[in-house]
Amino acid sequence: MSEPYYITTAIAYPNGRPHIGHAYEAIATDAIARFQRLMGRDVRLITGTDEHGLKMAQTARNARRETLEFADEMSSYFKDMCGKLNISHDNFMRTTDAQHHAASIALWKAMEANGDLYLDRYEGWYSVRDEAYYADDEVTGGEGEQKLSPQGTPVEWTVEESWFFRLSKYQDQLLTHFRDNPDFIRPDSRKNEVLRFVEGGLRDLSVSRTSFDWGVPVPGSPGHVMYVWVDALTTYLSGIGYPDAEGEFSRFWPANVHIIGKDIVRFHAVYWPAFLMSAGLPLPKQVFGHGFILARDGAKMGKSAGNAADPLELAERYGVDQFRYFLLREVSFGQDGSWSEEAIVARCNAELANSFGNLAQRTLSQIFKNCDGYLPTINGYSDEDNALFELVGKAVSETIPAAFNDLALSQAAEAWINAVFACNAYIDAQAPWALKKTDTERMEAVLATLYICIAQLAVAISPIIPTSADLLLERMGIPNTVRDFNGIASHWYSPLAESDFRLEQPVGLFPRLELTVEEAVA
RNA sequence: GGCGAAGUAGCUCAGCUGGUUAGAGCGGUGGAAUCAUAAUCCAUAGGUCGGGGGUUCAAGUCCCUCCUUCGCUACCA
């Protein structure tokens with residue numbers, strides 16, 4: 001059995017439809033998962049929705065909907081998004097699942113058994129919108145006015161009984177863990193923020209609520225439901241079978257990496273490991289906080305900003321693989337990035353259509369026309385051929401895997417496109433269309449060289465553009481068994497050339513994109 | 001206020017522990033080619049590497065300071 005690899009997205013709060021940030025996270029996580037599969041790992045990718053909390057209950061009530069039924073609908077949008085964006089998740093975990101409740105309760109009891117939960121009173125300015133308490137001096141608004149949180153949301157003085165988690169107890173253990181595992185939080189800029197936060201001292205965390213009942217009931221404490229983050233984070237466990245400690249869970253926990261947005265690093269890098277320490281469970285190996293995808297004008301994306309683009313609409317308009325490629329290629333993973341329709345069109349046309357798609361098209365077309373569709377046989381390679389093999393081979397078996405391994409997704413794509421550029425330079429320099437008249441044997445060697453390189457490049461980029469890559473490999477007759485990083489580096493060409501495989505009339509892989517009319521006018 | 005990140009060619013950005021004429025992609029310009037999705041290839045455009053000061057034989061690359069943007073965090077009065 002191959003080595004397990006467990007990766008998760010954050011568990012989205014489906015208070016609205018998924019926006020481009022959700023799509024970005026799912027796509028990035030999926031590309032990493034697909035890469036690991038191509039490296040031979042036994043992968044689990046878990047995603048899902050975090051459906052509890054007061055906000056959800058209120059939104060449903062305002063819409064005069066039954067809460068669960070409302071949650072069903074909202075969750076389904078996220079599940080649909082995963083389907084449409086070709087996310088290869090193994091499980092879509094909902095916090096409203098019965099098994100998830102059982103998992104949350106099991107985690108709770110484990111923390112309780114460790115003496116880390118106690119009942120106390122909590123009072124302060126509570127913001128329903130933020131689902132958070134604020135200190136007296138954080139609140140603004142004079143006598144008789146509506147008090148506002150630092151985020152500008154309305155707050156009310158609230159007193160409630162609450163269970164507390166002894167977070168303070170874990171300060172030193174956390175710092176030790178951060179020190180001993182320098183890659184636990186990435187990128188470094190996020191790690192520094194967390195370090196400073198923890199070094200500044202940790203207060204115990206309120207982990208239950210009594211003001212509403214839409215959540216996982218606290219065991220043995222009627223009227224209390226768990227703080228949403230407790231059960232949301234538990235999804236990483238329940239998604240692979242917890243509380244059943246056998247089977248999937250024992251094989252895949254701890255997770256290799258949690259992919260999350262930079263805004264929720266603290267929950268994943270402080271609270272979550274503390275919960276796990278308390279429950280006696282091993283910690284995930286890494287938490288990676290990616291950046292935000294900003295609109296062209298620099299405004300933060302979000303439903304409240306009113307400029308949230310529908311990722312599914314963009315994917316439909318420009319193509320799922322094109323959309324995936326754009327996001328992962330354009331944005332340095334871990335940093336913020338921006339998008340625009342112009343940028344999508346420009347990037348995809350330049351690299352996918354003109355460089356790679358056209359490379360495949362011109363190569364396959366020549367084989368189709370000049371070799372009657374049969375793969376040319378090889379009678380020795382020239383230095384130029386070997387130089388290209390070396391360059392592409394290095395990209396495919398060293399640079400690109402190394403970048404993926406390091407979650408440097410844009411660098412992986414960059415290394416790939418550079419190898420594609422080299423192929424185009426090679427085909428122009430060798431000019432097989434001229435060799436056709438002077439030296440058909442040499443022409444065949446050139447086309448064979450390109451054929452091999454194109455197949456390797458298709459496999460290497462397939463984590464990012466899986467459908468297109470597979471389609472090309474299929475048309476090229478590349479057996480499924482060699483469509484991974486090891487296989488495609490093996491000697492599959494001669495057997496294929498000697499088989500009765502014959503190319504069909506080549507068809508363009510990536511149509512050139514055009515801006516939509518509105519966008520072009522604007 | 002504290003801490004941190006960033007400010008490099010028109011645009012988007014690479015530049016690790018300081019060291020040949022500061023790089024890439026896109027865009028622009030000039031060629032070449034015509035197999036291919038009017039796609040490709042080659043060459044090139046000369047940016048005081050945010051401002052100022054300093055260390056050094058040598059600094060985008062270290063130190064100080066100022067300006068701008070952003071993130072985390074805090075709030076002394």
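Residue numbering restarts at 1 for every chain, and letters A, B, ... go by the order of the sequence lines.
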Write down the distance between [atom1] ([X]) and [atom2] ([N]), rounded to a whole number of angstrom.
| X | N | atom1 | atom2 | value |
| --- | --- | --- | --- | --- |
| Tyr325(A) | rG25(B) | OH | P | 14 Å |
| Ile417(A) | rC26(B) | CD1 | P | 9 Å |
| Glu351(A) | rU40(B) | CD | P | 11 Å |
| Leu364(A) | rC35(B) | CG | P | 17 Å |
| Leu359(A) | rA39(B) | CG | P | 16 Å |
| Phe421(A) | rC42(B) | CZ | P | 10 Å |
| Phe356(A) | rG25(B) | CZ | P | 19 Å |
| Asn424(A) | rG25(B) | CG | C1' | 15 Å |

Side-chain N,O (Arg512(A)) to OP1/OP2 (rA39(B)) below 4.0 Å | yes

Nearest to side-chain heavy atoms of [X], which nucleotide of [options]:
| X | options | value |
| --- | --- | --- |
| Ser365(A) | rU40(B), rG25(B), rA36(B) | rA36(B) |
| Arg196(A) | rA39(B), rA36(B), rC3(B) | rC3(B) |
| Ala353(A) | rU37(B), rC41(B), rG71(B) | rU37(B) |

Students often get this wrong, so: under 4.0 angstrom with heavy atoms, is [X] touching a base, only sugar-phosphate, or nothing?
| X | value |
| --- | --- |
| Lys369(A) | sugar-phosphate |
| Gln335(A) | sugar-phosphate |
| Ala346(A) | nothing |
| Leu509(A) | base |

Are Tyr170(A) and Phe165(A) close enough that their ring centers fall under 6.0 Å?
-> yes

Ring centroid separation for His52(A) and Tyr227(A), is it under 6.0 angstrom?
->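 No, too far apart.
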
In whole angstrom, give me the gap between the [atom1] atoms of [N] and [M].
| N | M | atom1 | value |
| --- | --- | --- | --- |
| rU29(B) | rG18(B) | C1' | 36 Å |
| rG10(B) | rU17(B) | P | 26 Å |
| rG19(B) | rA36(B) | P | 48 Å |
| rA77(B) | rU61(B) | P | 40 Å |
| rC13(B) | rG50(B) | P | 15 Å |
| rA45(B) | rU20(B) | C1' | 23 Å |
| rA9(B) | rA24(B) | C1' | 11 Å |
| rG2(B) | rU44(B) | C1' | 49 Å |

Hey, which of these two, Pro511(A) or Ala425(A), hits RNA chain B nearer its 5' end, going by closest nucleotide?
-> Pro511(A)

Of Val194(A) and Leu352(A), whose nearest nucleotide on RNA chain B comes first from the 5' end?
->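 Final value for this comparison: Leu352(A).
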
Using a 90° cut-off around 0 for syn, call rG54(B) syn or anti.
-> anti

Can you measure from CG (Leu205(A)) to CZ (Arg166(A)) and round to the nearest 0.5 angstrom?
-> 13.0 Å

Check ion pair [X]-[Y] (N to O, under 4.0 angstrom):
| X | Y | answer |
| --- | --- | --- |
| Glu199(A) | Arg196(A) | no |
| Arg362(A) | Asp428(A) | yes |
| Glu390(A) | Lys394(A) | no |
| Arg483(A) | Glu474(A) | yes |
| Asp310(A) | Arg17(A) | no |

With no hydrogens and no angle check, do the side chains of Tyr318(A) and Glu341(A) hold a donor and an acceptor under 3.5 Å apart?
-> yes

Can you check whether any acceptor in the base of rC35(B) is under 3.5 Å from a donor in the side chain of Gln366(A), or vice versa?
->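 In this structure, the two groups form a donor-acceptor pair.
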
Reading RNA chain B 5' to 3', what string of ( ), [ ], | and . shows its pairs, if Watson-Crick and G-U wobble pairs count only when both distances fall under 3.5 Å?
-> (((((((..((((.....[...)))).(((((.......))))).....(((((..]....))))))))))))....

